[in-house]
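Take a look at the structure below.
Here is the naming used below: chain letters follow the sequence lines, and residue numbers restart at 1 for every chain. In what follows, every heavy atom counts, from backbone to side chain, and hydrogens, waters and symmetry copies are set aside.
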There are 2 protein chains.
Amino acid sequence: MTENILKKLNEIHPITSEGRAVFLPLLESVTIEQKEFLIRQGEKAQYVYILLDGAVRVFYNKDGNEYNKTFFVSNTFPTPITALLSNTNCELSFEALLPCKLVRFSYKKFRSLFEEHRCFESLMLRIMENLWIKKERHDIRMVTNDATTNYKIFKEEFPGLENQIPQYHIASYLGITPVQLSRIRAQLIKSRPN
Amino acid sequence: MTENILKKLNEIHPITSEGRAVFLPLLESVTIEQKEFLIRQGEKAQYVYILLDGAVRVFYNKDGNEYNKTFFVSNTFPTPITALLSNTNCELSFEALLPCKLVRFSYKKFRSLFEEHRCFESLMLRIMENLWIKKERHDIRMVTNDATTNYKIFKEEFPGLENQIPQYHIASYLGITPVQLSRIRAQLIKSRPN
DNA sequence: TTAATTTATTAACCTATGTTAATGTACAGT
DNA sequence: ACTGTACATTAACATAGGTTAATAAATTAA
């Protein structure tokens, strides 16, 4: 299981065998129930998470309204990056939408490996770069489209997720109301019955 | 001038004196006229830019429509990061809104310094981290607001820029039409005459 | 300075989406 | 099986923002 994780990291950037040796002991398995939180808005962040199974939503709460920012599915990293990097209180909440199996490790301990094991710093740079690339492409897609198109993109981006979570979470992610999403769905079914 | 740049980079992450020695020769001064491009959508990217004076807009062109994604003002980096990192054709265009003075350097040559001068890899990681933090905070602000609020945020974020560029560029940035921006401005003036 | 061009404002009308509320459906607990 | 709760759909109406077009203002060219 943890070997599997190292293998994936190694594809992003090669990890030395000494690196492996000091990294593996940092890993901890975690499972959480549906509706439990990895972290809540306002808390300090400690951990980097790797999601092995389940789904997580990330949302921002303002004046009692929740705005879903993104979802995480298997083999992604539902991690409060900004809070970890800047060591500030987390501005987002990470909530399990399904029962989740995860692996986590302390970001602080991980960071302390950089000095001696340069491969981890290089790895981190690669990860940030990949994040940036993905985020920019996602933004470009979303900005130029209407809600109907973005709903289709959501279904491509998170295949199958639609049937596992309430529609109002999807609506919030799309920046529309559940009512409007329902109208969009009705219209799609009418025009292209599938 | 170039010493000034090194000083700023040094604040982000310390650069060794050997690092300075190999980095400085990479720098080139560039000036461009209003409406000239640093790079156009579809082109390959080569350079990292540092904007000393002027303003640049970044936009995405889709079906003949332009969507302003962001602006760059003095002392920022109007650089096609994704295109450089992934060595793909640039998905965005960078256009001077005012006459610009810049410094640029080859990303490829910069990258080739990493192996021998670790400080540049660390610097790059810091830059990516800062970018991410800034982007996430910006996104959170924008997502939860209406166009009127975002217009106010734009004025805070880019002080003075409003009076130097056409309003339709601001409207595009806000995701609304120039007509709607004009209505918003009229309403703001009526309610709070300033 | 005048004319031409570009940009901003305003008005009339249209559409997508928000709001509220009623109804329908599905699942969970007893 | 019944009941309650949560969720989705639908309808009626309200509103922000889009579209088009006319006009006004500002900038640029002659």
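- For A:Ser122 against B:Glu121, the heavy-atom pair with the smallest separation is OG-OE2, 2.9 Å.
- Rounded to whole angstrom, the span from the CD atom of B:Gln34 across to the C1' atom of C:dT7 amounts to 14 Å.
- Rounded to 10 degrees, the angle between the two end axes of the helix from C:dT1-D:dA30 to C:dT30-D:dA1 is 40°, with five pairs used at each end.
- One can place CG of A:Leu188 at 14 Å from C1' of C:dA16, the figure rounded to the nearest angstrom.
- The closest side-chain heavy-atom distance from A:Leu84 to A:Ile81 is not below 4.5 Å.
- Whole-Å rounding puts the B:Gln187 CD to C:dA11 P distance at 14 Å.
- For DNA chain D, the contact window with chain A, defined by any atom under 4.0 Å from a protein heavy atom, covers D:dC7 to D:dA12 in 5' to 3' order.
- Under a 4.5 Å side-chain heavy-atom cut-off, the cluster of Ile, Leu, Val, Met, Phe, Trp and Tyr residues that includes B:Phe37 is completed by B:Phe59.
- Residue pairs meeting the salt bridge (charged side-chain N to carboxylate O under 4.0 Å, His left out) criterion with at least one member in residues 77-87 of chain B: none, sequence neighbours excluded.
- For B:Lys135, the salt bridge (charged side-chain N to carboxylate O under 4.0 Å, His left out) partners at least two apart in sequence or on another chain are A:Asp139, B:Asp139.
- Ion pair B:Glu28/B:Lys109 not flagged as a salt bridge, since none of the NZ, NE, NH1 or NH2 atoms sits closer than 4.0 Å to an Asp/Glu carboxylate oxygen.
- The stretch residues 3-16 of chain B participates, sequence neighbours left out, in these side-chain hydrogen bond (donor to acceptor under 3.5 Å, both in side chains) pairs: B:Lys8-B:Asn75.
- Pairing each heavy atom of B:Thr76 with each of B:Pro78, the nearest pair is O-CD, 3.2 Å.
- Within residues 158-175 of chain B, the residues that place at least one heavy atom under 4.0 Å from DNA chain D are, in residue-number order, B:Gly175.
- Contacts between residues 176-184 of chain A and DNA chain C, defined by a heavy-atom separation under 4.0 Å, are made by A:Ile176, A:Thr177, A:Val179, A:Gln180, A:Arg183.
- Between B:Phe154 and B:Phe158, the ring planes lie tilted relative to each other; the angle falls in the 30° to 60° range.
- For B:Tyr60, the side chain to side chain donor-acceptor pair (under 3.5 Å) test picks out no residue, with sequence neighbours left out.
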Using distance only, find each side-chain donor-acceptor pair of residues 42-53 of chain B under 3.5 Å and give its atom names and separation, not counting sequence neighbours.
unit_1, atom_1, unit_2, atom_2, d
B:Glu43, OE1, B:Arg40, N, 3.1
B:Lys44, NZ, B:Asn87, O, 3.2
B:Tyr47, OH, B:Arg104, NH2, 3.3

Please list, one pair per line, the donor and acceptor atoms closer than 3.5 Å that link side chains of residues 164-184 of chain A to other protein atoms, with sequence neighbours excluded.
unit_1, atom_1, unit_2, atom_2, d
A:Gln167, OE1, A:Arg185, NE, 3.2
A:His169, ND1, A:Asn68, OD1, 3.2
A:Ser172, OG, A:Glu66, O, 3.4
A:Ser172, OG, A:Asn68, N, 2.8
A:Tyr173, OH, A:His138, NE2, 3.0
A:Thr177, OG1, A:Gln180, N, 3.2
A:Gln180, OE1, A:Arg183, NE, 2.7
A:Gln180, OE1, A:Arg183, NH2, 2.8

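- Residues in residues 74-103 of chain A take part in these salt bridge (charged side-chain N to carboxylate O under 4.0 Å, His left out) pairs, two or more places apart or across chains: A:Arg57-A:Glu95, A:Glu91-B:Arg137.
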